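Residues take their numbers from the sequence shown, with the count starting at 1. No experiment lies behind these values; they were computed from the predicted model shown. The figures here come from the full heavy-atom set of this structure, side chains too, leaving out hydrogens, waters and symmetry mates.
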Amino acid sequence: MIIKDLICIVFDVEVLRNVFTCTLLNTETHIVTTYEVSERKNEMKKMLDYFKNDQFIFVGYNNIHYDNPIINYCMDFFYSNNFDANIITNSIKNLSQTITDKEGDFDRWKTWKYANNFQTIDLLTMLYSQALRVSLKEMQVTMHYKNVQEFVFDWEKDLPNEDIDKLISYNINDVMSTAELLNRCKNDLDLRVSIEQEYGIDCLSKDGMKIGMEILKHKYLEYTNMSWGYLKDLRSPMDLIPLKSVILPFIKFNNPKLQELLENMKSITVSPERKGFEQSVLYSGTVYNIGVGGIHSKDGACIITPNDDEYLIDCDVASLYPSLILEHHFVPRHLGDSFLKIYQGVKTERIIAKHAGEKLKDLTLKLALNGVTGNYQNEHSWVYDPFAVMQIRVNGQLMLLMLAEMLTEIGCQVKSANTDGLTCIVPKQVETLYYDTCKEWEKITSMVLEYQKYSKVVRLAVNDYIAICEGSGKIKQKGIFITDTILGKGLTPKIIPEALINYFVHDTPIETTINNCTDIRKFLKGEKTGKQWTVEYDDKTQQRTNRFYVSQSGLYLWKWKLDTRKPDINKGYFCGYTTGEWTDEEFAARVAEYNKLGG
């Protein structure tokens with residue numbers, strides 16, 4: 001793969017007290033090169049010469065926080081000095097421990113973290129913000145990679161020479177799986193290259209939210225002629241926020257219960273450092289929960305199908321948070337109208353790009369629009385203003401509750417409320433009134449609604465459902481009904497939602513879907529256990545990250561808590577990688593899921 005006219009070299013290092021290895025894959029020639037420092041050989045200088053090639057860009061996974069500092073450290077101390085292998089490996093191991101120690105002194109190694117000795121891309125930081133990051137082994141699981149391999153050894157001990165080749169094999173497996181991930185991220189990297197060319201922002205290793213904030217920062221500084229040195233320290237902190245100062249004046253209700261809810265909220269003062277506010281109200285047979293996570297109705301398992309004289313209509317607010325920011329000026333107080341103009345300009349620019357078919361620019365500006373609200377509550381961000389984020393959260397929810405009341409009053413039945421929209425049973429005789437009421441609400445709130453009619457909704461909970469679009473037959477999947485495995489989001493048996501969808505949409509018996517499936521991957525589960533557990537199969541200790549499918553017979557896969565030896569894992573076959581035929585399936589679990597849905 002070529003990025004910015006540079007050949008991508010995928011790399012990974014392994015560090016033990018007496019062994020250091022580095023494996024590199026040239027993605028153009030597909031040549032794998034391994035370097036080793038141990039009693040057997042000392043290839044440190046050869047490795048560093050490889051990294052000094054300015055025609056390469058080095059791609060890793062978590063390399064910014066680990067592998068890069070290790071290589072930069074080696075360049076500083078071992079390129080021009082002929083130290084013994086034992087001195088080198090011990091020195092690198094000490095650095096590794098400093099890096100991985102959560103209580104370690106960052107000042108001791110930050111020089112090598114920020115050194116710029118070679119160009120690099122970190123796929124982990126590109127794909128996920130810090131709170132969502134997962135290990136490479138967990139990524140291998142969700143990639144359905146052919147070999148999810150851990151090196152089971154006490155990393156604090158010396159590795160016997162006869163096991164070094166096993167370590168190198170493990171190192172190569174990590175590199176090859178990272179290369180597979182790189183190939184899957186080609187579109188993400190193309191987008192980032194386009195952003196760098198357009199805005200001059202170094203963003204190959206940045207996640208979407210960080211890129212969005214970088215774009216806004218770039219535009220704000222350009223518009224205001226302000227220096228980053230001044231802007232970066234601006235904040236609008238607020239320790240206590242009275243909700244009465246947050247709620248917009250047009251928020252009103254007719255129903256006494258909803259009026260009481262509103263008055264109660266106006267009497268509350270919240271702290272941005274705490275959970276904030278949580279309120280519930282029962283209105284017209286539906287429980288509405290209002291809180292930090294957005295408005296949600298309390299939805300149980302059911303199947304919703306409109307009668308012949310009814311429609312099932314979903315209405316969603318188009319770009320709820322950006323619209324609230326723009327229409328009601330919910331901007332950081334220290335940034336004022338300048339920020340509002342910049343934000344409006346980004347939205348206008350995106351609309352033009354979308355209509356012109358400029359997909360990369362459209363995606364870029366979408367990142368800028370959507371990355372803001374999360375940073376309103378980040379005290380380390382230049383847009384930090386907890387009052388503004390509370391304005392967005394509270395008013396968005398109360399606006400949707402207003403719409404729920406307005407639609408209920410004309411004879412509609414709200415079946416679900418979820419963050420930015422409502423799903424309602426609408427009698428056909430009031431369809432025109434339904435849309436008129438929605439337009440009236442749009443005038444009051446300055447929001448815009450988008451509509452979709454469903455022929456059927458099958459729901460387990462508010463965020464777990466399928467909805468069949470009327471006319472097109474397109475199936476909207478949420479939560480447990482999602483049939484695709486999402487990178488880094490855990491592995492569950494996708495035969496379950498597939499069987500449920502086939503049953504509820506196509507009337508296909510659940511047993512038929514299960515018995516006709518010959519893809520073992522659809523039956524696999526993944527689990528990573530903590531260090532306090534040991535995992536055993538057939539009385540043999542296994543690695544802590546495993547793929548397996550649950551069966552009705554065979555040996556047991558156990559995880560034992562070290563201090564109690566208490567078993568706590570599924571019965572099933574251990575499955576690191578299989579190309580063979582599967583035998584038994586977890587039929588009972590699928591029937592249980594089916595029974596939960598009222599089938």
Engineer: Evaluate Lys219 against Glu222 for salt bridge (charged side-chain N to carboxylate O under 4.0 Å, His left out), listing each step before the verdict.
Structural biologist: CA-CA 5 Å; Lys219 288 180 173 291; Glu222 188 176 62; 5.8 Å; no
Engineer: Classify the angle between the aromatic ring planes of His328 and Phe250 as parallel (below 30°), tilted (30 to 60°) or perpendicular (above 60°).
Structural biologist: tilted
Engineer: Would you say that more than 12 heavy atoms from the other residues, nucleotides or ligands in this model lie under 6.0 Å from the NZ of Lys494, or not?
Structural biologist: yes
Engineer: In this structure, are over 12 heavy atoms from other groups packed under 6.0 Å from Lys478 atom NZ?
Structural biologist: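 No, NZ of Lys478 has 12 or fewer neighbouring heavy atoms, counting only those of other groups under 6.0 Å.
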Engineer: Checking Ser416 against Asp299: is there a side-chain donor and acceptor pair closer than 3.5 Å?
Structural biologist: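 Side chains of Asp299 and Ser416: pair found under 3.5 Å.
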Engineer: Are the side chain of Asp122 and the backbone N or O of Ile64 linked by a donor-acceptor pair below 3.5 Å?
Structural biologist: yes
Engineer: Quick one: pull up CD1 in Ile211 and CG in Leu216 and give me the separation to the nearest 0.5 Å.
Structural biologist: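 These two atoms lie 12.0 Å from each other.
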Engineer: Is there a donor-acceptor pair under 3.5 Å between the side chain of Gln259 and the backbone N or O of Phe253?
Structural biologist: yes
Engineer: Taking only Lys NZ, Arg NE, NH1 and NH2, and the carboxylate oxygens of Asp or Glu, determine whether Lys439 and Glu442 approach each other closer than 4.0 Å.
Structural biologist: no
Engineer: Is Lys257 close enough and on-axis enough to Tyr283, meaning under 6.0 Å and within 45°, for cation-pi?
Structural biologist: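 Relative to the ring axis of Tyr283, which defines the angle, Lys257 lies outside at least one limit.
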Engineer: In terms of side-chain geometry, is the basic nitrogen of Asp362 or Lys359 positioned less than 4.0 Å from the acidic oxygen of its partner?
Structural biologist: no
Engineer: Does Lys206, at its NZ atom, have more than 12 non-hydrogen atoms belonging to other residues, nucleotides or ligands within less than 6.0 Å?
Structural biologist: yes
Engineer: Determine whether the aromatic ring centres of residues Tyr435 and Tyr451 are separated by less than 6.0 angstrom.
Structural biologist: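 Aromatic pair counts; centres sit under 6.0 Å.
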Engineer: Please work out whether the ring planes of Trp382 and Phe339 are parallel, tilted or perpendicular, with thresholds of 30° and 60°.
Structural biologist: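 Perpendicular.
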Engineer: In Å and rounded to the nearest 0.5 Å, what is the CE to NZ distance from Met402 to Lys252?
Structural biologist: 9.0 Å
